[in-house]
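Whatever order the structure lists ligands and atoms in, that order sets their numbers, starting from 1.
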Amino acid sequence: MKKRIAIFISGRGSNMVAILDNIERGKLKEVCEAALIFSNNPEAKGLEIARERGYKTGCIPSKGKQREEFDRQVVEYLKSFSPDYIVLAGFMRILSPVIIREYSNRIINIHPADTDQFQGVGAYEWTFNNKLEETKITVHFVDEGVDTGPVIGKRKVDLRGAKTLHEVEERGLAVEHDFYSEALYDVFSGRYKFN
Ligand code: GAR
């Protein structure tokens, strides 16, 4: 059975696009379908792209809302879509236990750094400012900490010779776009096993 996923975005949505491409004609074709593209930001560019591509989209603005209040609304909203997994793809809001417990071990995130080295927002800036010659992209399950959940996989990014933040981000994103779908495949196909 294909897993039903809800992809959560807050902005541009380039990881979402890579996942949708892989669902339509790549490595995710046999293992999942996108039931919903969801955002906390009505202005998210990615929502428009998803809509144009014919996907069901939904938005609950989070601005000015308390974390738990917003998460309760999201849990309620998701019910009619019955997703097996929530896939965070540039979703820039910390989730509370209200949603994490409802979807325990079924929320997956991509983090643009090694989660053992850097947690939270601004990972590429941190990487650039520290002049790293190599970084790692992490795909992990979301637990109640910030970027602390069980790691599904990490993938290296070669940054030698990268001179600007833009270049660091560009190289990182190229890896993210490939690697996220590979890691998702491992989970949805049953290849990834919890210890
Ligand atoms: C990506 O680099 C993603 O890893 C990062 O935000 C960017 C979203 O880009 N996520 C986080 O930093 C989560 N804490 P996108 O909207 O083009 O996919």
Side-chain angles (χ1 to χ4, degrees), residues 5-24 26 28 34 36-53 55 57-59 61-62 67 70-71 74 85-96 99-100 103 107-130 132 134-159 162 164-184 187:
I5 68 171
I7 304 177
F8 280 30
I9 60 171
S10 293
R12 181 177 56 186
S14 71
N15 275 289
M16 172 205 75
V17 166
I19 293 166
L20 295 178
D21 287 347
N22 274 303
I23 288 176
E24 288 173 17
L28 293 173
L36 174 71
I37 313 300
F38 176 82
S39 185
N40 63 321
N41 169 17
E43 310 291 317
K45 264 263 166 295
L47 274 184
E48 208 176 300
I49 298 170
R51 219 174 287 129
E52 273 166 15
R53 287 177 69 150
Y55 288 90
T57 60
C59 178
S62 60
R67 216 175 284 295
F70 173 73
D71 286 1
V74 175
Y85 287 88
I86 294 173
V87 173
L88 307 181
F91 189 68
M92 306 310 265
R93 198 175 157 90
I94 294 171
L95 298 174
S96 72
I99 187 163
I100 294 171
Y103 288 90
I107 305 178
I108 300 171
N109 182 43
I110 187 161
H111 178 68
D114 183 336
T115 43
D116 289 330
Q117 290 193 303
F118 181 90
Q119 302 85 28
V121 295
Y124 284 128
E125 287 83 352
W126 173 84
T127 304
F128 178 67
N129 291 337
N130 284 282
L132 301 191
E134 181 184 291
T135 189
K136 280 182 186 148
I137 304 299
T138 309
V139 176
H140 65 96
F141 286 101
V142 173
D143 67 6
E144 291 179 26
V146 176
D147 300 324
T148 52
V151 171
I152 298 162
K154 292 183 185 180
R155 176 70 52 86
K156 282 181 193 169
V157 185
D158 184 351
L159 296 175
T164 60
L165 172 60
H166 179 74
E167 224 176 312
V168 166
E169 191 170 345
E170 203 168 49
R171 288 200 206 177
L173 277 170
V175 173
E176 288 190 46
H177 295 161
D178 236 34
F179 178 51
Y180 205 1
S181 290
E182 281 181 33
L184 292 174
V187 174

Between ligand 1 and the protein, which N/O pairs fall short of 3.5 Å?
residue	atom	partner	partner atom	Å
ligand 1	2 (O)	Glu176	OE1	3.3
ligand 1	2 (O)	Glu176	OE2	2.8
ligand 1	4 (O)	Glu176	OE1	2.7
ligand 1	4 (O)	Glu176	OE2	3.4
ligand 1	9 (O)	Arg12	NH2	3.0
ligand 1	16 (O)	Gly13	N	2.8
ligand 1	17 (O)	Arg12	NE	2.6
ligand 1	17 (O)	Arg12	NH2	3.1
ligand 1	17 (O)	Ser14	N	2.8
ligand 1	17 (O)	Ser14	OG	2.5
ligand 1	18 (O)	Ser14	N	3.4
ligand 1	18 (O)	Asn15	N	2.9
ligand 1	18 (O)	Asn15	ND2	3.0

Determine whether a donor-acceptor pair (N or O, by modelled atom type, separation under 3.5 Å) exists between the side chain of Thr138 and the backbone of Ala113.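 Yes, the answer is positive, given that a donor and an acceptor are paired below the 3.5 Å cut-off.
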Residues Arg155, Asp178: salt bridge by 4.0 Å N-O rule: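 Judged by the 4.0 Å cut-off on N to carboxylate O distance, Arg155 and Asp178 do not form a salt bridge.
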Taking salt bridge (charged side-chain N to carboxylate O under 4.0 Å, His left out) as the test, write out the residues that go with Glu24, two or more places apart. Arg53
For the side chain to side chain contact (heavy atoms under 4.5 Å, CB included) test, which of Leu20, Asp21, Ile19, Asn15 pairs with Val17?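 In the set Leu20, Asp21, Ile19, Asn15, the residue that makes a side chain to side chain contact (heavy atoms under 4.5 Å, CB included) with Val17 is Asp21.
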Taking atom types as modelled, is there a side-chain donor on Ser10 or Asn40 under 3.5 Å from an acceptor on the other?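 Judged by distance alone, the side chains do pair up.
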CD on Glu48 to CD1 on Ile37, rounded to 0.5 Å: 14.0 Å
